[in-house]
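Here's the structure, in structure tokens; my notes come after.
Note: hydrogens, waters and symmetry copies are ignored here, and every other heavy atom, side chains too, is used.
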Amino acid sequence: MKRARPTPPPATPTTSRSSPIPPLPTPPQPRHSSKKHQKIIFKPTNWAPVNLTQSELSLPLTFPTGQTFRWKQTGPLQYTGSLGRHLISLKHHQNGDVYYQIHHSPSQSAAKSALLSFLNTNISLTEMWHGFAAADSRFAELAQHFKGARVLRQDPLECLIQFLCSSNNNISRITKMVDFVSSLGDHLGNVEGFEFHAFPSLERLALVTEQQLREAGFGYRAKYVTGTVNALQSKPEGGVKWLESLRKLQLQMVIDSLCTLPGIGLKVASCIALFSLDQHHAIPVDTHVWRIATTHLVPELAGASLTPKLCGRVADAFVTKYGKYAGWAQTLLFIAELPSQKALLPSVTVNEKKSSKKRGSKAQREAVLPKLVPP
């Protein structure tokens with residue numbers, strides 16, 4: 001993958017390979033509405049409760065933290081995006097509760113249903129985190145500062161294409177690439193200066209050539225996007241149905257299936273599995289997660305080179321520690337490592353984490369080492 005980890009302006013986060021990346025040619029820009037789109041402009045007026053408190057869903061800790069690159073911040077504590085043909089905004093009320101506004105939809109009831117599914121509202125984050133906190137005092141401390149960091153349930157095709165764009169990339173560049181792909185879908189409207197589109201269908205994506213993507217700045221990722229689209233189209237039951245069918249399989253089968261597609265390795269497959277395929281214990285292992293694991297879960301691996309086999313040991317350690325929703329725990333721990341989010345932590349917490357790497361005794365390290373599931 002890279003779950004590219006966002007930081008608010010001015011800093012632009014990068015992936016684990018931080019070598020300079022040339023500027024991406026600018027695709028359709030979200031902040032400027034074109035003349036042909038100006039007639040479809042929405043200004044939120046009526047808001048309805050989602051029935052989620054800020055402890056269950058924090059928009060700033062969920063949307064700009066690398067799960068999705070299609071939702072835009074359209075106001076203070078407000079984010080807007082499309083779910084199928086539904087254009088929806090979410091925002092925090094003054095008391096912290098989350099409200100939603102449907103700007104465009106063929107069906108209001110279908111839009112709300114899609115939103116509740118997308119937000120995984122059938123899962124109680126508060127209840128889950130109580131269990132995590134009981135098992136891990138460090139999680140309990142961090143959870144006080146990052147309440148509401150939720151895992152989304154995205155459309156599998158949309159999630160897959162986004163994470164193909166994320167390979168060895170930074171947030172700004174990924175967002176431009178995803179904006180380019182999104183602009184190929186049907187236009188839904190304009191909210192606060194941003195243009196929004198339905199994500200293009202697999203058939204529409206198949207019309208885009210590798211050369212067109214390269215000219216749009218996708219680089220080597222262009223061949224992976226076109227190759228994956230072609231591979232999905234060749235599925236007897238159809239690529240979209242094939243992706244949705246992965247939700248019913250065991251995690252390892254999901255990972256193996258996704259890895260047959262061009263450009264998808266273990267990290268990208270794990271991201272897609274966690275963020276769209278109901279694989280709640282999937283653990284995307286990148287350099288951030290590796291650092292977390294070797295500091296707090298498997299310290300005996302510190303200094304080793306990250307290999308697919310060791311990725312498996314890290315994933316097993318998370319599952320042993322946190323159980324069937326280990327991917328949700330890992331998401332919170334990952335967010336807490338982002339430079340943009342560390343500012344929310346008391347300085348003593350940050351200093352303790354830094355110093356623990358240097359002075360933690362062998363006994364202390366072994367105390368947090370879980371019993372590993374065989375890789």
Please name all residues satisfying salt bridge (charged side-chain N to carboxylate O under 4.0 Å, His left out) with Glu203, sequence neighbours left out, ordered by chain then number.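 So Glu203 forms no salt bridge (charged side-chain N to carboxylate O under 4.0 Å, His left out) with any residue.
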Could you walk me through whether Arg173 and Lys176 pass the side chain to side chain contact (heavy atoms under 4.5 Å, CB included) check? CA-CA 5 Å; Arg173 189 179 175 91; Lys176 287 184 178 181; 5.8 Å; no
Among pairs that include at least one residue of residues 231-252, which meet side chain to side chain donor-acceptor pair (under 3.5 Å), considering only residues two or more places apart or in two chains?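 Listed once each, the pairs are Gln252-Asp256.
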Quick check against the 3.5 Å criterion: does [X] have a side-chain atom that pairs as donor or acceptor with the backbone of [Y]?
{"X": "Thr260", "Y": "Ser257", "value": "yes"}
{"X": "Ser113", "Y": "Ser109", "value": "no"}
{"X": "Asp155", "Y": "Glu158", "value": "yes"}
{"X": "Gln279", "Y": "Leu249", "value": "yes"}
{"X": "Arg214", "Y": "Ala222", "value": "no"}
{"X": "Ser58", "Y": "Ala149", "value": "no"}
{"X": "Arg204", "Y": "Gly185", "value": "no"}
{"X": "Ser82", "Y": "His197", "value": "yes"}
{"X": "His92", "Y": "Leu59", "value": "yes"}
{"X": "Asn120", "Y": "Arg150", "value": "no"}

Atom pair CG/NZ of Asp136 and Lys321 - distance to nearest 0.5 Å: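 Reported to 0.5 Å precision, the distance equals 5.0 Å.
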Measuring from Arg221:CZ to Asn169:CG, what's the distance to the nearest 0.5 Å?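 Rounded to the nearest 0.5 Å, the CZ-CG separation comes to 4.0 Å.
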Is any side-chain heavy atom of [X] less than 4.5 Å from a side-chain heavy atom of [Y]?
{"X": "Phe199", "Y": "Ile161", "value": "yes"}
{"X": "Val225", "Y": "Val208", "value": "no"}
{"X": "Leu152", "Y": "Leu119", "value": "yes"}
{"X": "Tyr79", "Y": "Pro60", "value": "yes"}

Mind checking whether [X] and [Y] have parallel, tilted or perpendicular rings, split at 30° and 60°?
{"X": "Phe275", "Y": "Phe163", "result": "parallel"}
{"X": "Tyr322", "Y": "Phe139", "result": "tilted"}
{"X": "Phe194", "Y": "Phe196", "result": "tilted"}

Salt bridge or not between Lys72 and Asp179? Use side-chain N to carboxylate O under 4.0 Å.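 Here Lys72 pairs with Asp179 in a salt bridge, since their nearest N and O are under 4.0 Å apart.
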Atom NE2 of residue position His130 - does it have more than 12 heavy atoms of other residues, nucleotides or ligands inside 6.0 Å?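 Not more than 12 within 6.0 Å, no.
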Partner residues of Ser182 under the side-chain hydrogen bond (donor to acceptor under 3.5 Å, both in side chains) criterion, sequence neighbours left out: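 Checked Ser182 against side-chain hydrogen bond (donor to acceptor under 3.5 Å, both in side chains); matches are Arg70.
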Could you walk me through whether Ile123 and His280 pass the side chain to side chain contact (heavy atoms under 4.5 Å, CB included) test, one step at a time? CA-CA 11 Å; Ile123 296 174; His280 301 297; 3.7 Å; yes
Side chain to side chain contact (heavy atoms under 4.5 Å, CB included) between Ile102 and His86: does it pass, once the steps are laid out? CA-CA 7 Å; Ile102 300 174; His86 315 296; 5.6 Å; no
Verify side-chain hydrogen bond (donor to acceptor under 3.5 Å, both in side chains) between Gln162 and Gln154, making sure each step is shown before the conclusion. CA-CA 11 Å; Gln162 289 183 83; Gln154 301 178 60; 3.1 Å; yes
Would you check if there is a donor-acceptor pair between the side chains of Glu195 and His187 at a distance under 3.5 Å?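 Distance-only check passes for His187 and Glu195.
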Side chains of Thr62 and Gln67, donor plus acceptor under 3.5 Å: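 There is no such pair (donor and acceptor under 3.5 Å, judged by atom type) between the side chains of Thr62 and Gln67.
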